[in-house]
Amino acid sequence: MRAMRAEGFGGYKDLKVVDLPKPTVANGKVLLRMTAAGVTPLDHTILSGHFPPAKAPLVLGNEGAGVVEEGGGTDFPAGSRVMFTGPYGVFEDGADSEWLAVRKESLCLIPEGVDDVTAAGIPVAYLTAHMALMRAALRQAKLCWRQRSEDRSEMR
């Protein structure tokens with residue numbers, strides 16, 4: 001299979017298209033045929049050499065979308081469209097490839113009406129927003145919104 005791999009972490013010049021063996025399904029992983037890969041600031045950070053735990057060579061891409069080919073069981077039957085994020089592209093090869101073996105717990109079904117390219121960029125953006133809201137005391141925000149919505153004069 002083809003993959004875009006960082007042979008080193010000295011910038012974009014270190015990205016190379018390489019041929020790698022197609023991953024196999026093992027240890028509860030699900031084989032995906034990749035349809036889209038998200039690009040996050042973490043990809044740039046790693047490629048620029050500013051994330052020492054990452055080791056080259058490494059296929060980047062820690063979020064993406066694909067179609068289940070094998071190993072998804074009844075939760076993610078073959079043909080299911082899924083999106084994911086996780087340690088991929090950071091501590092193990094990632095989404096910038098034709099095939100990827102992903103842990104089942106990292107997968108989420110793509111809702112109807114959402115295309116694969118859009119879905120590939122959802123996981124990290126969602127997690128970032130979720131973490132920010134939780135750290136900013138989302139519960140207080142919900143209470144504030146509920147009080148304001150009860151007073152229709154505040155909504156005009």
Side-chain angles (χ1 to χ4, degrees), residues 1-72 75-76 80-145:
M1 71 160 187
R2 290 179 306 156
M4 179 68 74
R5 183 169 71 181
E7 299 297 322
F9 298 138
Y12 293 101
K13 67 179 174 40
D14 288 334
L15 288 176
K16 307 287 184 232
V17 176
V18 297
D19 286 313
L20 298 173
K22 182 178 173 181
T24 57
V25 175
N27 301 324
K29 289 190 175 182
V30 177
L31 181 62
L32 302 183
R33 179 178 47 82
M34 295 302 302
T35 55
V39 178
T40 69
L42 182 57
D43 294 317
H44 176 74
T45 300
I46 292 170
L47 191 57
S48 300
H50 298 297
F51 192 77
K55 304 295 179 213
L58 180 67
V59 177
L60 298 175
N62 77 318
E63 67 178 355
V67 176
V68 173
E69 292 291 324
E70 184 182 348
D75 295 330
F76 303 102
S80 297
R81 295 173 52 241
V82 295
M83 58 185 160
F84 66 89
T85 190
Y88 319 102
V90 182
F91 300 107
E92 60 188 82
D93 284 341
D96 296 349
S97 58
E98 293 179 306
W99 299 90
L100 186 63
V102 176
R103 290 169 190 77
K104 195 181 282 191
E105 61 269 15
S106 298
L107 296 175
C108 180
L109 291 170
I110 297 173
E112 286 296 320
V114 176
D115 64 89
D116 290 7
V117 172
T118 300
I122 290 174
V124 171
Y126 165 80
L127 287 171
T128 301
H130 177 74
M131 289 168 49
L133 290 171
M134 295 312 290
R135 288 185 180 179
L138 177 61
R139 293 180 187 161
Q140 290 179 353
K142 282 183 178 179
L143 178 61
C144 177
W145 175 252

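FYI, side chains are in, hydrogens and waters are out, and symmetry mates aren't considered; it's all heavy atoms of this structure.
Contact between Met1 and Pro23 at its shortest, heavy atoms only, is SD-CD, 3.9 Å. Across all their heavy atoms, Pro57 and Glu7 have their closest contact at CB-OE1, 4.0 Å. Shown here for Tyr88 and Asn62, the closest heavy-atom pair between the two residues is O-CB, 2.7 Å. For Leu47 against Ala6, the heavy-atom pair with the smallest separation is CD1-CB, 3.8 Å. Between Met83 and Pro111, the shortest heavy-atom contact is CE-CD, 4.2 Å.
Ser97 places none of its side-chain heavy atoms less than 4.5 Å from the side chain of Lys22. In this structure the side chain of Leu20 reaches within 4.5 angstrom of the side chain of Val59, judged on heavy atoms. At a threshold of 4.5 Å between non-hydrogen side-chain atoms, the residues Val30 and Val25 do not count as touching. The side-chain heavy atoms of Lys29 and Arg103, taken from C-beta on, include a pair separated by under 4.5 Å. A 4.5 Å side-chain heavy-atom check between Leu32 and Val68 finds at least one atom pair inside the cut-off. Contact of the Ile122 side chain with the Ile110 side chain is not registered, since no non-hydrogen atoms from C-beta on lie closer than 4.5 Å. With contacts defined as side-chain heavy-atom distances shorter than 4.5 Å, the pair Arg2/Asp19 qualifies. Using a 4.5 Å cut-off on side-chain heavy atoms (C-beta onward), Phe84 and Pro123 make no contact.
Using modelled atom types, one side-chain atom of Thr35 and one backbone atom of Ala65 make a donor-acceptor pair closer than 3.5 Å. Checked by atom type and distance alone, the side chain of Asp43 pairs as donor or acceptor with a backbone atom of Gly61 at under 3.5 Å. Panel note: side chain Arg81, backbone Val114; a donor-acceptor pair is recorded below 3.5 Å. Checking side-chain atoms of Thr40 against main-chain N and O of Leu42 turns up a donor-acceptor pair under 3.5 Å.
Note that CG of Leu60 and CZ of Arg5 are 11.0 Å apart. Values are rounded to the nearest 0.5 Å. For the atom pair CZ (Phe91) and CD1 (Ile46), the distance works out to 7.5 Å, reported to the nearest 0.5 Å. Separating the CD atom in Glu92 from the CG atom in Leu100 is a distance of 7.5 Å, to the nearest 0.5 Å. Here the CG atom belonging to Leu109 is positioned 5.0 Å from the CZ atom belonging to Phe76, to the nearest 0.5 angstrom.
Remark: the Tyr126 side chain and the Thr85 side chain contain no N/O donor-acceptor pair separated by less than 3.5 Å.
Sorted by first and then second residue, the pairs that involve residues 54-71 and meet salt bridge (Lys or Arg N to Asp or Glu O under 4.0 Å), not counting sequence neighbours, are Arg33-Glu69.
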